Q: 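Structure incoming, see below.
Remember, predicted model here, so these are calculated numbers, not experimental data.
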Amino acid sequence: MATLANRRRTLPPDDVGAQAITADSVSTNYRTTHHLPNGKTGLRPPLARQDSLRRNIEHVAAETYLITRLAFTLLRYLGIGYRWITQLLALGCYAVLLMPGFLQVAYEYFSSTKVKRSLVYGDQPRNRFDLYLPADVGEPKPVLIFITGGAWIIGYKAWGSLLGLQLAERGIIVACLDYRNFPQGTISDMVNDTSQGISFIIKNIANYGGDPNRVYLMGQSAGAHISSCALLEQAARESEKGENVSWRISQIKAYFGLSGGYNLLDLVDHFHKRGLYRRIFLSIMEGEESLKVFSPEIKIQEPCLKSVIPHLPPIYLVHGTADYSIPSVASERFADALKKAGARAELILCEGKTHTDLFLQDPLRGGNDYLFDHAVAVIHSNDSDALTKDVFAPRRKRFVPEILLKLATKISPF
């Protein structure tokens, strides 16, 4: 594996007007055939098509119900006040502006035969994951496990659908994990679900054409916090001799933390001012006494981890400097703590980027995208053929006009 220098990079703001973005056309018309007894092929019988349509409608209905229930759960716990009414209105306008992209992604998510939805990895209600497969799975492909954000309350696996669809086009299998949210579970449940999901995927991904020796981990926002907790908790288990483990940190080839918060003690007051009130946040984190336990920036300094730190994967922390949901200083301090402990870490600050720019607006914009290109380069770093294909890969499709993206950024409540 290529070595990672302990360095910090600051990326300048994008100059989106400097180059035209060309949208790649994507064909979504399929004709399904079945084999006849005489060896010929014909169109699938109407009954089979009706069954397939019925299953898709049932799945859409179930997903819509879950998302609606998550939204009402969030409102019930946060309460209705001036701050949340204005935030909710801003969120509604934000969603309307990006709706042209959301609808296209949703259509591909539900219609593509290369998306395996709601696969089971455990016995809890939210122990599910979506799998995004490349068109060509003739040889084992690298795998990215993605842990979505959602303020520990509204995290949902489909939030990673755009990332999954786009990385699958570059020959990377993406597994988007779901996990119990509050109040269905608290932080220890979320970390345990994530660890169990990672273990399941490592053990079973070969059945879907994935390479269990090339597994990468990424988390965004709350998902970055949860996945980093899972990674360090696994490291702690490995440091205890005789401890039975279902997967090892050395099996993760690189970790990407996107817009995450890693020291809860520093974030309690900040979240309270932003509307995630102290009493709710402490309930999610199992009380004030648990804040240190679930703060990766603090945990990495524990002496018991010293022996396993060399086995941690290279860690890339990416954060926008205009992120007001979780300030970029959170990643800066975690990067410093990682380096001080002897871990391989790189901090990448993106000038002018907000909490959702890196994960949502930039991918919807299409074309070149630093986070996407960087992740692909790291994942393909030891595959010369894949790197060559990346050079000649078509530009990514634009989903939303630039003017709508800029307006969405200005009114975003995140």
Side-chain angles (χ1 to χ4, degrees), residues 62-79 117-130 145-160 175-202 217-237 245-247 257-265 267-268 271-272 274-296 298-299 325-326:
E63 303 287 284
T64 302
Y65 169 74
L66 177 58
I67 292 172
T68 303
R69 186 162 60 85
L70 289 173
F72 278 104
T73 299
L74 176 63
L75 287 175
R76 186 172 81 247
Y77 275 89
L78 295 175
R117 298 181 296 273
S118 295
L119 301 175
V120 178
Y121 70 81
D123 57 4
Q124 295 296 326
R126 298 290 297 276
N127 288 174
R128 304 288 186 271
F129 69 98
D130 293 333
I145 301 173
F146 178 72
I147 316 299
T148 184
W152 301 275
I153 300 175
I154 56 170
Y156 183 51
K157 55 187 173 59
W159 299 163
C176 291
L177 281 186
D178 216 351
Y179 52 88
R180 282 172 287 178
N181 284 202
F182 184 79
Q184 198 173 29
T186 53
I187 184 62
S188 60
D189 299 314
M190 301 176 201
V191 173
N192 288 338
D193 285 354
T194 298
S195 185
Q196 184 178 358
I198 293 171
S199 174
F200 181 90
I201 290 168
I202 288 175
L217 180 62
M218 177 185 286
Q220 187 264 342
S221 190
H225 168 252
I226 294 167
S227 55
S228 59
C229 283
L231 191 65
L232 294 184
E233 186 174 282
Q234 188 65 26
R237 289 196 189 102
V245 295
S246 60
W247 61 282
L258 174 60
S259 307
Y262 308 99
N263 190 330
L264 302 182
L265 294 173
L267 292 170
V268 176
F271 286 150
H272 183 79
R274 296 279 301 174
L276 182 53
Y277 302 123
R278 176 183 291 270
R279 61 180 179 81
I280 301 170
F281 185 68
L282 292 180
S283 296
I284 296 171
M285 298 303 162
E286 302 173 0
E288 195 161 359
E289 65 278 2
S290 294
L291 294 181
K292 287 185 178 181
V293 177
F294 294 103
S295 291
I298 297 174
K299 193 172 184 66
S325 293
I326 302 179

Q: Excluding sequence neighbours, so at least two apart, what forms side-chain contact (heavy atoms from CB on, under 4.5 Å) with Asn263?
A: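 Testing Asn263 for side-chain contact (heavy atoms from CB on, under 4.5 Å), a comparison that skips the adjacent residues, returns Leu265, Asp266, Ser295, Glu297, Ile298.
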
Q: Taking side-chain contact (heavy atoms from CB on, under 4.5 Å) as the definition, give me every residue that meets it alongside Ala175, ordered by chain and number, with sequence neighbours left out.
A: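 If we apply the side-chain contact (heavy atoms from CB on, under 4.5 Å) test to Ala175, skipping adjacent residues, the hits are Phe129, Leu131, Ile201.
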
Q: Using atom types as modelled and distance alone, determine if a side-chain donor or acceptor of Asn181 lies under 3.5 Å from a backbone N or O of Gly155.
A: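 Checked: pair present.
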
Q: Which residues pass the side-chain contact (heavy atoms from CB on, under 4.5 Å) test with Asn192, not counting sequence neighbours?
A: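 Testing Asn192 for side-chain contact (heavy atoms from CB on, under 4.5 Å), a comparison that skips the adjacent residues, returns Glu233, Arg237.
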
Q: Looking at residues at least two apart in the chain, or sitting in another chain, which of them share a ring pair (Phe, Tyr, Trp, His ring centres under 6.0 Å) with Tyr121?
A: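 So Tyr121 forms no ring pair (Phe, Tyr, Trp, His ring centres under 6.0 Å) with any residue.
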
Q: Would you say the side chain of Ile284 lies within less than 4.5 Å of the side chain of Met190, judging by non-hydrogen atoms?
A: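 When only atoms from C-beta onward are counted, Ile284 and Met190 do touch, with a gap below 4.5 Å.
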
Q: Could I get the full list of ring pair (Phe, Tyr, Trp, His ring centres under 6.0 Å) partners for Phe294, not counting sequence neighbours?
A: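 Residues passing ring pair (Phe, Tyr, Trp, His ring centres under 6.0 Å) with Phe294: none at all.
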
Q: What's the shortest heavy-atom distance between Phe271 and Ser325, and which atoms?
A: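 Taking every non-hydrogen atom into account, CE2-O, 3.6 Å.
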
Q: Write down the atom of Gln196, the atom of Asn127, and the distance for their closest heavy-atom approach.
A: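 In this case the closest contact between Gln196 and Asn127 is OE1-OD1, 3.9 Å.
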
Q: To the nearest 0.5 Å, how far apart are CE in Met285 and CZ in Arg278?
A: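 Here the rounded value is 13.0 Å.
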
Q: If the condition is salt bridge (charged side-chain N to carboxylate O under 4.0 Å, His left out), which residues does Arg128 pass it with, not counting sequence neighbours?
A: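 For Arg128, no residue satisfies salt bridge (charged side-chain N to carboxylate O under 4.0 Å, His left out) once neighbours in sequence are set aside.
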
Q: Compare all side-chain heavy atoms of Tyr179 with those of Gln124 and state whether any distance is below 4.5 angstrom.
A: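 No, side chains not in contact.
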
Q: Are any of the side-chain heavy atoms of Phe146 and Met218 separated by less than 4.5 Å?
A: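 Answer yes - side chains close enough.
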
Q: Roughly how far, to the nearest 0.5 Å, is CG of Leu231 from CD1 of Ile226?
A: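 Going from the CD1 atom of Ile226 to the CG atom of Leu231 covers 14.0 Å.
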
Q: Mind checking what makes side-chain hydrogen bond (donor to acceptor under 3.5 Å, both in side chains) contact with Ser290, not counting sequence neighbours?
A: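 Expected list: none.
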
Q: How many angstroms lie between atom SG of Cys229 and atom NZ of Lys299, to the nearest 0.5 angstrom?
A: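 With rounding to 0.5 Å, SG (Cys229) is 8.5 Å from NZ (Lys299).
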
Q: To the nearest 0.5 Å, what is the distance between OH (Tyr262) and CG (Leu232)?
A: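 Reported value, rounded in 0.5 Å steps: 11.0 Å.
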
Q: What pairs of residues pass the salt bridge (charged side-chain N to carboxylate O under 4.0 Å, His left out) test when at least one of them lies in residues 186-198, not counting sequence neighbours?
A: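 Every salt bridge (charged side-chain N to carboxylate O under 4.0 Å, His left out) pair that includes a residue of residues 186-198, provided the two are not neighbours, is Arg180-Asp189, Arg180-Asp193.
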
Q: Measure the CZ-CG distance between Arg126 and Asp178 for me, rounded to the nearest 0.5 Å.
A: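 Between atom CZ of Arg126 and atom CG of Asp178 there are 4.0 Å.
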
Q: Taking side-chain hydrogen bond (donor to acceptor under 3.5 Å, both in side chains) as the test, write out the residues that go with Ser188, two or more places apart.
A: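 With sequence neighbours excluded, Ser188 shows a side-chain hydrogen bond (donor to acceptor under 3.5 Å, both in side chains) to Glu286, given in chain and number order.
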
Q: Find out whether Gln234 and Trp247 are in side-chain contact, i.e. whether some heavy atom of one side chain is under 4.5 Å from a heavy atom of the other.
A: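 The answer is yes, as the side chains (C-beta and beyond) meet within the 4.5 Å cut-off.
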
Q: Specify the closest pair of heavy atoms between Ser246 and Ser199, including all atoms of both residues, with the distance to one decimal.
A: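 Minimum heavy-atom separation between Ser246 and Ser199: OG-OG, 3.1 Å.
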
Q: So, using side-chain contact (heavy atoms from CB on, under 4.5 Å) as the criterion, who are the partners of Ser227 when residues are at least two apart?
A: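 For Ser227, the residues satisfying side-chain contact (heavy atoms from CB on, under 4.5 Å) (neighbours in sequence not counted) are Ile147, Leu217, Tyr255.
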
Q: Measure the shortest side-chain to side-chain distance between Lys157 and Ser118 over non-hydrogen atoms and say whether it is less than 4.5 angstrom.
A: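 Yes; the side chains approach each other to less than 4.5 Å.
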
Q: In chain order, what residues pass the side-chain hydrogen bond (donor to acceptor under 3.5 Å, both in side chains) check against Ser221, with sequence neighbours excluded?
A: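 With sequence neighbours excluded, Ser221 shows a side-chain hydrogen bond (donor to acceptor under 3.5 Å, both in side chains) to His355, given in chain and number order.
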
Q: Indicate yes or no: at least one non-hydrogen side-chain atom of Trp159 is less than 4.5 angstrom from one of Gln220.
A: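 Trp159 vs Gln220: side chains apart.
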
Q: What distance do Leu282 atom CG and Ile187 atom CD1 have between them, rounded to the nearest 0.5 Å?
A: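 Answer rounded to 0.5 Å: 12.5 Å.
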
Q: Just wondering, do Phe281 and Leu264 contact through their side chains at under 4.5 Å, heavy atoms?
A: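 When only atoms from C-beta onward are counted, Phe281 and Leu264 do touch, with a gap below 4.5 Å.
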
